[in-house]
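Taking it in order: structure first as structure tokens, then the write-up.
Letters A, B, ... mirror the listed sequences (proteins, then strands); counts begin at 1.
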Number of protein chains: 2
Amino acid sequence: MPEQTTGASRPTLEAVAAHAGVSRATVSRVVNGGAGVRQHLVDKVRKAVEDLGYVPNHAARSLVTRRHGAVAVIIAEPEFRVFSDPFFEQQVRGISRELTAHDSQMVLLWVEGVGDHQRIARYLDGGHVDGALAFSLHSDDRLPALIARSSVQAVFGGRPPVGSGLSVPFVDCDNRGGAREAVRHLVSLGRRCVAHIAGPRDQTSALDRIAGYHDVLVDPDPALLCQGDFTRESGARAMAELLDRRPELDAVFAANDLMAAGALHTLRERRLRVPEDIAVVGFDDMDSVVRDTEPALTTVRQDIEGMGRLMVKLLMRLLQGRSDAAPASVITQTSLVRRASA
Amino acid sequence: MPEQTTGASRPTLEAVAAHAGVSRATVSRVVNGGAGVRQHLVDKVRKAVEDLGYVPNHAARSLVTRRHGAVAVIIAEPEFRVFSDPFFEQQVRGISRELTAHDSQMVLLWVEGVGDHQRIARYLDGGHVDGALAFSLHSDDRLPALIARSSVQAVFGGRPPVGSGLSVPFVDCDNRGGAREAVRHLVSLGRRCVAHIAGPRDQTSALDRIAGYHDVLVDPDPALLCQGDFTRESGARAMAELLDRRPELDAVFAANDLMAAGALHTLRERRLRVPEDIAVVGFDDMDSVVRDTEPALTTVRQDIEGMGRLMVKLLMRLLQGRSDAAPASVITQTSLVRRASA
DNA sequence: ATGAAAGCGCTAACAC
DNA sequence: GTGTTAGCGCTTTCAT
């Protein structure tokens, strides 16, 4: 029976040193950038590395450096399909790219329930990763606090609800400001009766967008606020309900593009013209949605991939202990993208 | 890679040993299960571990054991949205769950292009992971060969095209058999003119399903085979084309559910009754699609999450060197799920 | 600029 | 059963 078929044992630093006729220390220096080694030797060592197909042993290295070149990305799946959410995919893509740029790998920790919490905590404390990235999805989630309590540095995607992972820095877009801009735009178009289709109340992004709506429309008719859950269907339903409640409606700001698309669908069914009868603004500028909306959707753009990259950058800064100069959290700008719907 | 923020150094085995008044070896034994240690000492050590909050250093451990408790999951993104594909999500979920059961973590390696290949190869050879899991998506992909050439054991999801990652074991469902069953079912219903909407020719699953179609319908009218690309839209388009080409059509087997849904859409537009006029069978039994198809879709079910789990099981078996007893690859069964559409 | 040597924290022979 | 000891492969002072 073949023991652990990892093939013939790989060459070590020692072997490279012998092959190049230098000491292990010199090889180590060359492998790690080669600063302070004469070019002559650098070349020799490089050749030896090449000849032998040497690849540094990561375990040995991190045993002494205490660095792992890996970051945990914690994904909590609350109900369903977080993973296949395009928002999520974009953010993870940004994280992945930036991590690669920092020579770090992504260890995916998939949390399916409270039963996994113990496992996650142990992993974070087990010295496998340099830091952790997580997403604050729902306010009833115990995970943020768990992560904040762990021994590794962490950065959140999305503003955590007040009173959970308090001291953990996060990256989020300016949801409130973006919402404000959307509503202001509708008002500037001369719309008098602006409704809002809100996202789920247990997500800070939805709450912040509601707040932005209220910033502009002080004391609006409560009947103009309708609850959705960020799905297309809920947007369609909410739109129908709003029309029934307030037929005089002339504009609607949906808390995300998917709900805006649903609203557009309902408006078409009811033979209402967009934007002539009702102007519609979404949020996210999500490519997969915006691509085939009719008419083209005016929306608030946020740079989701960029936010993922920022999460990594922030974490890396924290790990280097340069927290003195850097701000704790990052709020990214949004921008209104004007298209046909408003 | 970031520098390390120097936290309070964690207790080592040594410290626990001293605290418990035993040797390091004994502590090590207890920490690793405690076999062959008197209960009396086990308790003492456990308490010491508890008192000091000891957590084993993973790097030190894998330096000597040469095991890492981690598996690379390689995701190649050919054109777009692999990640948010529900098929993919289910498979990764299965992988994640089974990995957890094996006390292993998932290191996600996201490949965006040929430029990443070098990086992936180095990572696999760098001794970070015990093995690798990958998906064979497109036949023009150089990745399978790259992985097969690396020093770690690997298992593929989906049958790789002949002549690529030749010796690498894989897990796939019986695409050909499933397709056969689908078409046989249509024939047994008395359908005389059975069309096939095929998937992209560079994916083995699509090819195998075409083969299954041909197994049953020897020498069918070539006009009855129409090319799609696994998207809903392509299914709708293909259905339209098929109807134009052969109005006498009375059944269609689509290579996946999404295309079947598209086909259903076209049939409804053309006022054709399903299954009275035309019977429709899909492939996958993808929940998110099948859930709201009208009429309910008859389809070939494959256990996608189970396939993900099997990939891990197979890999673990390979890592234990028990390849003698175990078959190289696994082909899972499919089953026809009869609903209303056929 | 380079080499010698001392560990990093752990496991696994091997001795007792 | 339990302890002693020899590394795993690497980085990093500290001499030279």
Side-chain angles (χ1 to χ4, degrees), chain A residues 3-4 6-46 48-49 52-69 125-128 130 151, chain B residues 1-4 6-46 48-49 52-69 125-128 130 151:
Chain A
E3 273 272 76
Q4 182 77 354
T6 345
S9 60
R10 327 178 104 302
T12 68
L13 252 201
E14 185 91 52
V16 177
H19 190 91
V22 299
S23 73
R24 297 202 324 253
T26 299
V27 178
S28 176
R29 289 184 188 111
V30 172
V31 168
N32 292 293
V37 179
R38 273 185 312 201
Q39 192 57 40
H40 160 247
L41 284 189
V42 171
D43 294 341
K44 240 159 87 173
V45 171
R46 291 251 162 84
V49 166
L52 271 46
Y54 169 75
V55 178
N57 179 310
H58 188 253
R61 178 179 281 174
S62 52
L63 179 55
V64 26
T65 62
R66 274 124 205 302
R67 270 173 283 133
H68 305 94
D125 287 333
H128 303 72
D130 299 320
S151 63
Chain B
M1 272 192 278
E3 273 169 38
Q4 169 71 12
T6 10
S9 61
R10 318 172 116 305
T12 69
L13 252 201
E14 185 92 49
V16 177
H19 190 92
V22 297
S23 73
R24 292 195 336 244
T26 299
V27 177
S28 176
R29 289 184 188 109
V30 172
V31 168
N32 292 292
V37 179
R38 275 185 310 204
Q39 191 56 42
H40 159 246
L41 285 188
V42 171
D43 295 342
K44 240 160 86 171
V45 171
R46 291 250 164 83
V49 166
L52 272 48
Y54 170 75
V55 178
N57 179 311
H58 188 254
R61 177 179 283 173
S62 50
L63 180 56
V64 30
T65 61
R66 275 131 201 302
R67 265 172 288 126
H68 305 94
D125 287 333
H128 304 71
D130 298 321
S151 63

Can you find an N or O donor on one side and an acceptor on the other, under 3.5 Å apart, linking the side chain of A/Arg10 with the base of D/dG9?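 By the distance-only test, no, there is no pair.
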Do the side chain of B/Arg66 and the base of D/dG9 come within less than 3.5 angstrom through a donor-acceptor pair of N or O atoms? no
Grab the two heavy atoms, one from B/Asp130 and one from B/Gly69, that are nearest each other, plus how far apart they are. OD2-N, 2.8 Å
What heavy-atom pair brings A/Val55 and B/Gly126 nearest, and what distance separates the two atoms?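 Scanning both residues, the minimum pair turns out to be CG1-CA, 3.5 Å.
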Proximity to the side chain of [X] - top-ranked nucleotide from [options]:
{"X": "A/Arg38", "options": "C/dT2, C/dG9, C/dA12", "value": "C/dT2"}
{"X": "A/Arg61", "options": "D/dC10, C/dG9, D/dT2", "value": "D/dC10"}
{"X": "A/Leu63", "options": "C/dC8, D/dC8, D/dT12", "value": "C/dC8"}

In a check of side-chain contact (heavy atoms from CB on, under 4.5 Å) between B/Arg61 and each of B/Asn57, B/Leu63, B/Val64, B/Thr65, which one passes?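 With B/Arg61 as partner, B/Asn57, B/Leu63, B/Val64, B/Thr65 yield a single side-chain contact (heavy atoms from CB on, under 4.5 Å), made by B/Thr65.
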Residue that, paired with B/Val45, satisfies side-chain contact (heavy atoms from CB on, under 4.5 Å) out of B/Val49, B/Val42, B/Asp43: B/Val49
Who are the side chain to side chain contact (heavy atoms under 4.5 Å, CB included) partners of A/Ala15, not counting sequence neighbours?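 Here the qualifying residues are A/Pro11, A/Thr12, A/Leu52.
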For [X] and [N], give me the distance from atom [atom1] to atom [atom2], rounded to whole Å.
{"X": "A/Arg29", "N": "D/dT11", "atom1": "CZ", "atom2": "P", "value": "11 Å"}
{"X": "B/Asn57", "N": "D/dC10", "atom1": "CG", "atom2": "P", "value": "17 Å"}
{"X": "A/His128", "N": "C/dG9", "atom1": "NE2", "atom2": "P", "value": "16 Å"}
{"X": "B/Leu13", "N": "D/dT2", "atom1": "CG", "atom2": "P", "value": "16 Å"}
{"X": "B/Arg67", "N": "D/dC8", "atom1": "CZ", "atom2": "C1'", "value": "13 Å"}
{"X": "A/Tyr54", "N": "D/dG9", "atom1": "OH", "atom2": "P", "value": "10 Å"}
{"X": "A/Glu14", "N": "D/dG7", "atom1": "CD", "atom2": "P", "value": "12 Å"}

Just checking B/Thr12: base, sugar-phosphate only, or nothing, at a heavy-atom cut-off of under 4.0 Å? sugar-phosphate
Select from B/His40 and A/Ala60 the residue whose nearest nucleotide in DNA chain D is closer to the 5' end of that strand. B/His40
Any B/Ser28 side-chain N or O less than 4.0 Å from OP1/OP2 of C/dT11: yes
Is B/Asn32 near enough to C/dT11 that one of its side-chain N or O atoms lies under 4.0 angstrom from OP1 or OP2?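 For C/dT11, OP1 or OP2 has a side-chain N or O of B/Asn32 closer than 4.0 Å.
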Residues in residues 18-27 of chain A with a heavy atom under 4.0 Å of DNA chain C, by number, are A/Val22, A/Ser23, A/Arg24, A/Ala25, A/Thr26
Report yes or no: does B/His68 contribute a side-chain atom to a donor-acceptor pair with the main-chain N or O of B/Gly127 at less than 3.5 Å? yes
Taking B/Ser62 for the side chain and B/His58 for the main chain, is one N or O donor matched with an acceptor at less than 3.5 Å? yes
Residue closer to the 5' end of DNA chain C, A/Leu41 versus B/Pro56 (nearest nucleotide): A/Leu41
